[in-house]
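Notes follow once the structure below has been shown.
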Amino acid sequence: MEMKKNDRFVLKIEDMGENGEGIGRLDGYIWFVKDAVIGDVIEAGVTKMKKQYGFARLIRVIEPSEYRVQEKCPSARRCGGCQIQAVDYQEQLRLKERKVYNNLKRIGGLSNLLLPDRDETTEKMMEQTAEQRAKETQESQEGNTRDFSVKEERRAETVRMEPIIGMEHPWRYRNKAQFPFGRNKDGKIVTGFYAGRTHDIVEQEDCLLGVEENREILSIIRNFMEEYKIEPYDEETHRGLVRHVLIRKGFQTGELMVCLVINGRKLPGQQVFTERLLEIPGMTSISLNVNQEKTNVILGKELINLWGEGHITDYIGAVQYRISPLSFYQVNPVQTERLYGTALEYADLTGNETVWDLYCGIGTISLFLAQKAKQVYGVEIVPQAIDDARENARLNHMENVEFFVGKAEEVLPEQYERNQIYADVIVVDPPRKGCDEKCLETIVKMAPKRVVYVSCNSSTLARDVKYLEERGYETERVRCVDMFPHSGHVECVVLMSKVQK
Ligand code: SAH
C-alpha cells in the first residue's frame, strides 16, 4: 500500500468493529475509521499504518449511509460512551447479531447456524459474506480444514438464531451514573465526562442514557458547592474535596441513591446537603465515600452514611436485590431481566434439577434459577459479591441456593473430585476472557444435560462453544440481547445439549 500519513483517499465502509469504528477495505488492505458508519462512502485521512491494516480519520462523508442518523446527544463524539449513536437503532441490532453470527460460524465452527428469520434477500447476502469469510479463515488456518468437514457431515439440521432482543426505547436505560467534578476554563464548577482516555471534563449534565433525575441532583450539588465554597478535586495537585458523585436508581421501586466521593472524611454543611437532596422524590439513601488515594479508581472502601439505611432496593422480575454504593448491579435492569429470562428459559427447569451457576457475581442468575430449580450452587471469585449474593438469597427467603467463593476452574474440579457433585444444568456467565479450559473440562466430565452459556464477548464464547461441540455437546439455541444500546457491545445466550448416544 503506497500511502503515508495524512494522505487522503475515498473509502466505502462495509462493517463496524467492536468499538464502533467503521471498517473498509481497499486493495485487500483493511482500514479502521472512527465515526464512520456502515454504508458510508467517505473521504479518509491516513493517521497510522501497520502491515495488514491501518487507521484513518473521517474527513468528510461523501455519500451518507442509509443507516446514518443524527446523534441525539451533542457530546456523542467526544464523550466516547456511545460509540455507534450515529447508526440507526435497528441497524445497530443487526450489526450486533451479525457479529455474534460470524464469530460462532468462523471461530466456533457452527456451519449449520442461520441468521434469524427476516427479509430473505438481505439474509442470503449476509449468509454469503459470512460463508466467504468462514472459507477465508478456514484456508488461512492450516490443519483445521479436516475438522471442519467432519462436522459438516455429522450435522444435518440447521440452527436458526432467535431474533435479538432490543429495547423499545433505547434511551435512559442506565440505573447508575458516575460524574466527576472539576472547573472549566472560566473557573465555574462543572460536571460531565472525561473525554476519551484523557482527564479533561466534557461538560454534560444530561446524559441521555441516564435517568432524568441526574440533572437535578447535579445542579443541587453544584449550587451547594458554590455556596459553601467547596473545591472540586484536582487530580494533578491532589487538592480539593469533591471527586465524583455516584447516582443509582431502582427502576421498579423508584428509590434513589446519592453517594458523594470525597478526598476527606467530612463535608462542610452536610446537613444542608442532605436536606436539599431529600427534596427530590424517591431519595432513599445519601452517603459519603472516602477516597483519599492518588488514583483514578472512583470509589474508596469507606462509607459514611448521611441518610437512610445505606442501600436502596430493586427488583429484577420477582427477585428483590439490596444495592449499596459498593455493590455490583447490572446497569440496564430492563434488558437484564430479558437476558436472564432467556437463560432461565434455555435451562428449561421443572423443579427437580440441580443447577450450577458459574461466575455468579451477586447471584442475579442464581436467584432467578432458584425460583424453578431444586437446588442451585453459585461460584464467584469476589468475596464481597458472594456476601451480597447470600444477603439477597436471605432477603428473598430462598433456601435452595448455596454459594462458593473461588475460581470456577478451581472450585468446580475440587468439588467434583472430592464430592462427586452432580448437575442437570450448568449456567456460565464468564468475564470477557471466557471460561478457563479446566472449567470446561470439568463441565464435560460432569456431563450435565444442558449448558447455558451467557456471554459478553462472542469471540471467546465461540472458542468455548467449539470446545464443547467437540466433546459431546450440540448447540441448540442462540439469542442475542442488547444490554448496551449505542455501544458496540452485545450479550448472547447459547443453549448446548448433551448429544444422546
Ligand atoms: N451473573 C453475574 C455477573 C457475571 S460477570 C451477575 O449477574 O451478577 C462475571 C463474574 O465473574 C464477575 O462477577 C467476576 O468477578 C467473576 N469472575 C471472574 N473470573 C472468575 C473466575 N475465574 N471464577 C469465578 N468467577 C470469576
Side-chain angles (χ1 to χ4, degrees), residues 174-176 248 250-251 297 299 314-324 326-347 355-371 373 376-393 395-396 398 401-416 421 423 425-443 446 451-458 460-461 463-464 467 481 483-484 489-494:
R174 285 183 63 98
N175 58 10
K176 170 183 168 181
R248 279 178 146 170
F251 275 35
V297 175
L299 292 170
D314 198 23
Y315 290 84
I316 297 180
V319 184
Q320 192 180 4
Y321 297 89
R322 184 170 289 181
I323 310 149
S324 79
L326 298 176
S327 15
F328 170 84
Y329 189 62
Q330 293 282 359
V331 297
N332 183 337
V334 171
Q335 294 299 89
T336 298
E337 182 171 350
R338 292 168 170 172
L339 179 73
Y340 294 168
T342 305
L344 186 61
E345 183 191 331
Y346 284 9
V355 186
W356 281 75
D357 177 20
L358 308 179
Y359 312 89
C360 70
I362 60 160
T364 325
I365 302 180
S366 316
L367 299 187
F368 236 65
L369 295 163
Q371 304 173 96
V376 178
Y377 299 101
V379 184
E380 160 64 44
I381 197 171
V382 176
Q384 292 85 346
I386 289 293
D387 290 343
D388 283 343
R390 290 185 178 134
E391 176 63 31
N392 287 328
L395 200 64
N396 290 282
M398 288 181 174
V401 251
E402 195 181 318
F403 294 101
F404 297 84
V405 180
K407 292 185 179 169
E409 62 272 24
E410 289 174 8
V411 172
L412 202 66
E414 253 170 50
Q415 290 293 321
Y416 180 69
I421 50 159
V425 180
I426 296 183
V427 178
V428 300
D429 182 10
R432 292 190 63 76
K433 67 172 198 274
C435 294
D436 191 278
E437 194 167 324
K438 186 83 193 153
C439 175
L440 293 174
E441 191 188 309
T442 312
I443 292 177
M446 287 171 71
V451 175
V452 179
Y453 198 130
V454 183
S455 162
C456 57
N457 179 349
S458 57
T460 55
L461 163 74
R463 177 201 68 200
D464 294 348
Y467 183 98
V481 178
M483 294 275 273
F484 307 104
H489 298 288
V490 57
E491 309 273 320
C492 175
V493 189
V494 171

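As the structure lists them, so they are numbered: ligands from 1, and atoms in each ligand from 1.
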Phe368: what forms a ring pair (Phe, Tyr, Trp, His ring centres under 6.0 Å) with it, not counting sequence neighbours? none
Counterpart residues, salt bridge (charged side-chain N to carboxylate O under 4.0 Å, His left out), relative to Glu345 (two or more places apart): Arg477
Using the ring of each side chain (for Trp, its six-membered ring), is Phe404 parallel, tilted or perpendicular to Tyr377, with breaks at 30° and 60°? tilted
So, do Tyr467 and Glu441 sit near enough that their side-chain heavy atoms are less than 4.5 Å apart? yes
Amino acids contacting ligand 1, non-hydrogen cut-off under 4.0 Å: Phe328, Gln330, Tyr340, Tyr359, Cys360, Gly361, Ile362, Thr364, Ile365, Glu380, Ile381, Val382, Gly406, Lys407, Ala408, Glu409, Asp429, Pro431
Contacts of Arg322 meeting salt bridge (charged side-chain N to carboxylate O under 4.0 Å, His left out) (sequence neighbours excluded), chain-then-number -> Glu391
pair Ile316-Glu337: side-chain heavy atoms closer than 4.5 Å: yes
